[in-house]
Amino acid sequence: MNDPPRSPKEARRLERLKHGSRATRDTAPARRQSAHRPRPVLGNIQNIQSATSDEATVVVSKRALERLHQGHFWIYRSDIAAPETLSGGEVVRLADERGWFAGKAFYGSRSQIAVRLLTREDEPVDDQFFIRRLEQAIALRDAIRPDPERRQAARLVHGDADLLPGLVVDRYADCLSVQTLIEATDSRRELFATLLQRLLSPRAIVERNDVRVRAYEGLEQRKGMLRGEPPGAVEFLEGEVKLVADLLSGQKTGAFLDQAENRIEAGRYAKGRALDCFTYGGAFALQLARKAERVIAVDISEQAAAQGRQSAARNGMRNVEFKVANAFDLLRAESEAGERYDTIVLDPPAFAKSKDTVDAALRGYKEINLRAFHLLAPGGVLVTCSCSFHIDDATFEHTVLQAASDARRTVQVVERRGAAKDHPTLLGVPETRYLKCLILRVL
Ligand code: SAH
């Protein structure tokens with residue numbers, strides 16, 4: 001069956017394949033380098049290339065370079081050698097162990113991710129560079145959803161995926177909400193505010209740097225105004241629905257924009273009696289309310305429900321009722337009472353915040369999906385989501401299937417969705433994917 005190898009080279013290749021060594025190397029995910037592996041050394045490399053800039057050079061291990069070439073953008077501290085004088089937030093030149101230029105990057109002094117690639121080109125990283133990056137990011141959003149009147153909301157800059165690591169910019173109508181999540185973007189936040197003001201002329205720029213990830217960078221929690229006056233409640237359009245975001249006190253940067261397209265899409269399938277669990281400001285509920293007869297929207301937060309009621313009133317929608325309750329309890333009570341719904345949305349917070357909590361998280365997802373399958377009338381629609389980065393598409397789908405089979409329901413997949421298009425991902429950086437949204441129909 002097997003032909004004999006035709007050359008010594010092929011023989012060696014077959015041998016490697018047999019022992020799995022090559023296969024392992026080709027498919028195993030890059031592991032973090034162990035502490036005892038020698039780090040690359042800062043050799044006598046300063047004079048190797050005529051540098052186009054006076055940035056410090058960081059030497060990168062061969063393994064990390066391979067990852068860079070495969071499209072990954074982060075390098076861990078154990079994979080670099082950096083001059084001791086380097087401070088967090090600087091732009092550095094990357095070089096391989098022989099001194100060849102490999103790119104330019106933001107350097108971080110605290111995080112385990114020491115280096116985040118900015119460019120593979122030997123180009124100046126100056127104001128013009130950041131303007132080009134911002135314009136490139138904004139151009140994508142203009143192409144996705146041209147909004148000349150600026151009445152909608154959009155994520156304009158999505159960090160790494162827009163080659164602006166550590167920078168998030170969301171637009172809500174004529175206001176911007178910005179996060180600078182790493183040392184390099186935090187120390188440049190005045191620059192970014194100036195450039196954004198110049199490019200977009202917003203009424204106000206808010207900073208929402210009250211997020212836990214900043215702790216890994218040694219950055220404090222902070223929120224406030226970068227430009228303009230506190231904007232109050234900002235109204236914006238999502239599809240046909242008016243929503244309101246409080247940029248200074250709302251969750252995230254004011255709303256959950258990653259779900260925007262999923263909400264509009266969910267609205268297309270809504271009908272009959274609808275239930276929106278984990279509703280926050282009612283953004284799913286209001287899309288459902290355009291077609292459903294009656295919508296019950298549930299959140300554990302009183303503040304969220306109050307905001308939802310206001311938004312419903314703004315849209316003149318009287319068929320939505322906001323309840324303050326624990327969604328787990330409500331789902332159980334409703335299913336034990338034998339209630340029936342035609343449309344259910346489950347959009348919980350990330351149950352798995354770390355790898356250690358994945359099992360507990362999966363039990364949580366199974367529980368709410370099981371209850372939902374019990375509650376759905378024949379032909380009913382379930383929109384079920386997970387924003388846990390540590391749970392991948394296949395695992396989530398498997399959990400939903402287990403819930404369906406425990407409930408003895410046959411389930412049709414209508415759509416498999418992810419984050420909105422203005423939250424792009426990088427092909428080479430799987431960490432930029434996290435949101436899963438299934439639109440299902442019970443047959
Ligand atoms: N669906 C929303 C986003 C939901 S974010 C949207 O599209 O905008 C998750 C929400 O779940 C938060 O508002 C939080 O207050 C709420 N929440 C967290 N735990 C809950 C629980 N056990 N029961 C009900 N709501 C909960």
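What you are looking at is a predicted structure, and each value in this text was computed from that prediction instead of being measured. Both ligands and their constituent atoms are indexed starting at 1 by order of listing.
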> Using 4.0 Å as the upper bound for N to carboxylate O, is an ion pair formed by Asp170 and Lys252?
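No.
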> Find all atoms of ligand 1 within a distance of less than 4.0 Å from any non-hydrogen atom belonging to Pro349, and give their numbers and elements.
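Taking each heavy atom of Pro349 in turn, ligand 1 has 9 (C), 11 (O), 18 (C) under 4.0 Å.
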> In ligand 1, which numbered atoms sit nearer than 4.0 Å to a non-hydrogen atom of Phe284?
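So the atoms of ligand 1 that pass are 1 (N), 7 (O).
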> Any nitrogen or oxygen of Arg263, side chain or backbone, less than 3.5 Å from one on ligand 1?
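It does: an N or O of Arg263 is found under 3.5 Å from an N or O of ligand 1.
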> Check this for me - ligand 1, Ile300, N or O atoms closer than 3.5 angstrom, yes or no?
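Indeed, backbone or side chain, Ile300 has an N or O that close.
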> Kindly determine whether Glu183 and Ser109 satisfy side chain to side chain donor-acceptor pair (under 3.5 Å), including the steps that lead there.
CA-CA 8 Å; Glu183 287 171 285; Ser109 64; 2.7 Å; yes
> Quick check on Gly281 - does any of its heavy atoms sit under 4.0 Å from an atom of ligand 1?
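Not so, Gly281 does not reach ligand 1.
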> Measure from the ring center of Phe351 to the ring center of Phe389 and say whether it is less than 6.0 Å.
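Between Phe389 and Phe351, which both carry aromatic rings, the centre distance is not below 6.0 Å.
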> Check whether any heavy atom of Val298 sits under 4.0 Å from an atom of ligand 1.
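So Val298 does not count as touching ligand 1.
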> Passes side chain to side chain donor-acceptor pair (under 3.5 Å), Gln128 versus Asp126? Steps please.
CA-CA 5 Å; Gln128 287 308 315; Asp126 51 12; over 6 Å; no
> In terms of atom number and element, which parts of ligand 1 are under 4.0 angstrom from non-hydrogen atoms of Gln251?
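Listed by number with element, the hits are 12 (C), 13 (O), 15 (O).
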> Just to be sure I read this right, does ligand 1 sit under 4.0 Å from the backbone of Ala325, its side chain, both, or neither, counting only heavy atoms?
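Just the backbone.
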> Any cation-pi pair here, Arg441 with Phe373, using under 6.0 Å and within 45°?
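So Arg441 doesn't make the cation-pi contact.
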> Below 4.0 angstrom from a heavy atom of Ala327, which ligand 1 atoms are there? Numbered from 1 as shown, please.
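Atoms satisfying the 4.0 Å criterion: 21 (C), 23 (N), 24 (C).
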> I want to know if ligand 1 touches Pro348 in the polar sense, i.e. an N/O pair below 3.5 angstrom.
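No, no N or O pair falls under 3.5 Å.
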> Should Asn326 be counted as touching ligand 1, given the test is an N or O pair under 3.5 Å?
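Min N/O separation from ligand 1 is below 3.5 Å for Asn326.
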> Which ligand 1 atoms are under 4.0 Å away from a heavy-atom of Asp347?
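Heavy-atom distances to Asp347 below 4.0 Å select 1 (N), 2 (C), 3 (C), 4 (C), 6 (C), 7 (O), 9 (C).
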> Any chance you could lay out the side chain to side chain donor-acceptor pair (under 3.5 Å) test for Ser87 and Glu90, step after step, and finish with the verdict?
CA-CA 6 Å; Ser87 43; Glu90 279 186 45; 3.0 Å; yes
> Would you list the pairs meeting side chain to side chain donor-acceptor pair (under 3.5 Å) in which at least one residue belongs to residues 284-303, sequence neighbours left out?
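Every side chain to side chain donor-acceptor pair (under 3.5 Å) pair that includes a residue of residues 284-303, provided the two are not neighbours, is Arg294-Glu321.
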> Just how far is it from atom CD of Glu265 to atom CZ of Arg268, taken to the nearest 0.5 Å?
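Nearest 0.5 Å value for the CD-CZ distance: 4.5 Å.
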> Which ligand 1 atoms does Phe256 reach within 4.0 Å, using its non-hydrogen atoms?
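So the answer, numbered in order with elements, is 3 (C), 5 (S), 8 (O).
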> Near Thr279, which atoms of ligand 1 are under 4.0 Å from a heavy atom of that residue?
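Numbered from 1, ligand 1 contributes 1 (N), 2 (C).
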> Taking both backbone and side-chain atoms of Asp299, is any N or O found less than 3.5 Å from an N or O belonging to ligand 1?
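Min N/O separation from ligand 1 is below 3.5 Å for Asp299.
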> Write out the residue and atom name of the closest protein heavy atom to atom 21 (C) of ligand 1, then the distance separating them to 0.1 Å.
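The closest one turns out to be Phe278 CE2, 3.7 Å.
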> Could you tell me whether Asp329 and Arg332 have a side-chain N and a carboxylate O separated by less than 4.0 Å?
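Salt bridge between Asp329 and Arg332, a charged N being under 4.0 Å from a carboxylate O: yes.
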> Answer yes when Arg132 and Glu123 have at least one side-chain N-carboxylate O distance shorter than 4.0 Å, and no when they do not.
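Looking at Arg132 and Glu123, the cut-off is met.
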> Heavy atom under 4.0 Å from ligand 1: found in Ala304's side chain, backbone, both, or neither?
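The answer is neither; Ala304 stays 4.0 Å or more away.
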> Is it true that, when you exclude Arg416 itself, more than 12 heavy atoms of the residues, nucleotides or ligands shown sit nearer than 6.0 Å to its CZ?
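Count not over threshold, so no.
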